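Side chains are part of it too, since the values below use all heavy atoms of this structure and drop only hydrogens, waters and symmetry mates. In the text below, chain A, chain B and the rest are named by the order of the sequence lines, each starting its count at 1. Nothing here was measured: the structure is a model prediction, and the numbers come from that model.
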Protein chains: 2
Amino acid sequence: MAKTSIFNEISFNDQIKLLNDFKARSSTFSKGVTIMSNLRTTRDFNIVKSGIVNIIRFNYNGTRTIIETLEEDDVFGNFSSATSEELYVIADTDAEIISFNYDNIFQRYSKNIDLHYQFNENVVKILANKLQSTNDRIQILTEKTIRNKLLNYFNTLYKRNLSKNITIPFSLTNLADYLSIDRSAMMRELKNLKDEGLINQKGKKIQLLYYIN
Amino acid sequence: MAKTSIFNEISFNDQIKLLNDFKARSSTFSKGVTIMSNLRTTRDFNIVKSGIVNIIRFNYNGTRTIIETLEEDDVFGNFSSATSEELYVIADTDAEIISFNYDNIFQRYSKNIDLHYQFNENVVKILANKLQSTNDRIQILTEKTIRNKLLNYFNTLYKRNLSKNITIPFSLTNLADYLSIDRSAMMRELKNLKDEGLINQKGKKIQLLYYIN
DNA sequence: TAAATAGTGTTGCAAAAGCAACAAAAATAA
DNA sequence: TTATTTTTGTTGCTTTTGCAACACTATTTA
């Protein structure tokens, strides 16, 4: 399933009409600024129009973890991520955000009906996509051993690029966090996998040497 | 966020119209029968019209695990659950299932426009809901210790019912599976929690004795 | 109602994972 | 370019978890 953008099949002019119907407002944020400090309680539907934005969790011990990285036309809202901890939305670069009340999506619009149909289709597809990737993550997290978590994760990267040469899209430290395992234990297991000839690894570059069906 | 049914705010007559537009077909299955054997590859959008249906994963070692239990007006499709293993949909009681091609949702319908708007709204809300509960599950699975997984899980049940007397909605065996931990280790930790006076527990009935903020 | 199956509760032991701590490399900022 | 911070890589030790096995209790099914 290809990734759908929120404005898929919607011309620039139509985007303006749509955002007008939704009574959307636009805000700009400079690098490093906190865009939202309580993501799980927002009633807004938000679209990143430019720049890069991170969804961040602050752990009880003070460390911060990147939950998701968003770029142009990615969306966020209270549906976005884990619920029971405080999630911050932080501008990683200068960024422009468009926001409107979530319920406005569901209004009946007598004009621009096809347009709203298309938008709805995009929303449904984006949510279905997000659901699939959270399900991928659950699949990985339910693996019991670090080795199986790693291999399962490598497999999802393999499937995404159809190449045995994969690059971890974030730091190994964040990978350990994403897999919810201890970093040093993960490094140890990576070493084991190397020693057993299952992978080559140097930093974030990994080559899969085993058979994948 | 209250659970939304797929036919929320749609009268019985309108349901018929809608299903007609979608070229939906209805099938009945008797208890125990396999409704679908490859959930992740289906292109259909499915609605449980009556009965109870389980989504089941068969583990490599032959044990089967209930991923999700569905009842009237619950939906399933390739968006439903984890992707990389084979998922079966099995009738737990006699059941009636309505199915139609997923893409038909997105057709432009010149008649019954309000109706389709409402349906779309329901689909979006259901997906957003599912996304929240998978995110809850991720939250639990990312906890590192069995103790924290249990406590986190208890908290979500507490929040759902706002009562410190909670009942695990499935067997302890399935709970261990849901939390992706060894059953005997879970029992041991439940015993620890009891011994330390944090909970009372007898089978699936649990009373939380600690302070929840 | 009896028999069969599934679920609960417990434990010793082995294996895996986490913690802590440190050195070295890499990336970023001054 | 140098200094500072972050990330990577490694290891000994401790704790937690999983596995295996068994008895006992509930729940289904015949």
Side-chain angles (χ1 to χ4, degrees), chain A residues 31-32 52 54 56 59-66 90 92-93 140-153 167-196 199-206, chain B residues 30-32 52 54 56 58-66 69 90-93 140-153 167-196 199-206:
Chain A
K31 181 179 177 178
I52 291 173
N54 287 326
I56 308 253
N59 299 13
Y60 56 93
N61 56 24
T63 61
R64 31 174 280 167
T65 309
I66 298 171
I90 293 180
D92 192 52
T93 66
I140 292 166
L141 290 173
T142 54
E143 292 292 343
K144 288 229 181 86
T145 63
I146 288 179
R147 168 172 296 226
N148 285 341
K149 281 183 179 155
L150 284 170
L151 293 177
N152 206 317
Y153 177 69
T167 305
I168 312 287
F170 30 66
S171 74
L172 294 180
T173 304
N174 283 332
L175 174 60
D177 192 273
Y178 178 79
L179 302 178
S180 196
I181 53 185
D182 179 74
R183 188 189 59 84
S184 68
M186 183 188 81
M187 298 300 286
R188 180 160 41 202
E189 197 58 39
L190 280 175
K191 192 165 183 305
N192 291 344
L193 289 169
K194 274 190 277 186
D195 289 350
E196 294 173 34
I199 62 169
N200 282 333
Q201 180 248 353
K202 185 85 205 298
K204 299 170 192 173
K205 303 260 177 213
I206 292 175
Chain B
S30 16
K31 182 178 178 178
I52 291 174
N54 286 326
I56 307 251
F58 283 89
N59 300 13
Y60 56 94
N61 57 24
T63 62
R64 30 175 280 167
T65 308
I66 298 171
T69 294
I90 293 181
D92 192 53
T93 65
I140 291 166
L141 291 172
T142 53
E143 293 291 345
K144 289 227 181 87
T145 63
I146 288 180
R147 169 172 295 226
N148 285 341
K149 282 184 179 153
L150 284 170
L151 293 176
N152 206 318
Y153 177 69
T167 304
I168 311 288
F170 31 66
S171 73
L172 294 181
T173 304
N174 282 332
L175 174 60
D177 192 90
Y178 179 79
L179 302 178
S180 196
I181 53 184
D182 180 74
R183 188 189 60 83
S184 68
M186 181 187 82
M187 299 299 286
R188 182 160 41 202
E189 197 58 39
L190 280 174
K191 193 165 182 307
N192 291 345
L193 288 169
K194 275 191 276 185
D195 289 350
E196 293 173 33
I199 62 168
N200 282 332
Q201 180 247 354
K202 186 83 205 299
K204 299 172 192 171
K205 302 263 178 210
I206 292 175

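The side-chain heavy atoms of A/D92 and A/K31, taken from C-beta on, include no pair separated by under 4.5 Å.
Between B/E196 and B/R147 there is a salt bridge, with a side-chain nitrogen of the basic residue lying less than 4.0 Å from a carboxylate oxygen of the acidic one.
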Kindly indicate, with the supporting measurements, whether the criterion side chain to side chain contact (heavy atoms under 4.5 Å, CB included) is fulfilled by B/Q201 and B/L193. CA-CA 9 Å; B/Q201 180 247 354; B/L193 288 169; over 6 Å; no
Steps toward side chain to side chain contact (heavy atoms under 4.5 Å, CB included) verdict (B/N200, B/I206): CA-CA 6 Å; B/N200 282 332; B/I206 292 175; over 6 Å; no
Stepwise side chain to side chain contact (heavy atoms under 4.5 Å, CB included) check, A/L141 with B/S180: CA-CA 8 Å; A/L141 290 173; B/S180 196; over 6 Å; no
Test side chain to side chain contact (heavy atoms under 4.5 Å, CB included) on A/L190 and A/I199 and set out the steps. CA-CA 8 Å; A/L190 280 175; A/I199 62 169; 4.0 Å; yes
Restricting to nitrogen or oxygen on both sides, can you table the protein-nucleotides 7-10 of chain D pairs closer than 3.5 Å?
{"unit_1": "D/dT8", "atom_1": "OP1", "unit_2": "A/L172", "atom_2": "N", "d": "3.1"}
{"unit_1": "D/dT8", "atom_1": "OP2", "unit_2": "A/L172", "atom_2": "N", "d": "3.0"}
{"unit_1": "D/dT8", "atom_1": "OP2", "unit_2": "A/T173", "atom_2": "N", "d": "2.9"}
{"unit_1": "D/dT8", "atom_1": "OP2", "unit_2": "A/T173", "atom_2": "OG1", "d": "3.0"}
{"unit_1": "D/dG9", "atom_1": "OP1", "unit_2": "A/G203", "atom_2": "N", "d": "3.4"}
{"unit_1": "D/dG9", "atom_1": "OP2", "unit_2": "A/Q201", "atom_2": "NE2", "d": "3.3"}
{"unit_1": "D/dG9", "atom_1": "N7", "unit_2": "A/R183", "atom_2": "NH1", "d": "3.0"}
{"unit_1": "D/dG9", "atom_1": "O6", "unit_2": "A/R183", "atom_2": "NH2", "d": "3.1"}

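Residue A/D195 contributes atom CG, which lies 14 Å from atom C1' of D/dT11 at whole-angstrom precision. Look at CD on B/E189: it is 8 Å from P on D/dT16, rounded to the nearest Å. With rounding to whole Å, A/D182 atom CG is found 14 Å from D/dG12 atom C1'. Distance, B/I168 CD1 to D/dA26 P: 18 Å, rounded to whole Å. In this structure, B/I146 atom CD1 and D/dT15 atom P are separated by 17 Å, rounded to whole Å.
With a cutoff of under 4.0 Å to any heavy atom of chain B, the contacted region of DNA chain C is bounded 5' to 3' by C/dG7 to C/dG18.
Considering NZ of A/K144 and NZ of A/K149, their distance stands at 10.5 Å, rounded to 0.5 Å. Taking CZ of B/F170 as the start and OG1 of B/T69 as the end, the distance is 8.5 Å to the nearest 0.5 Å.
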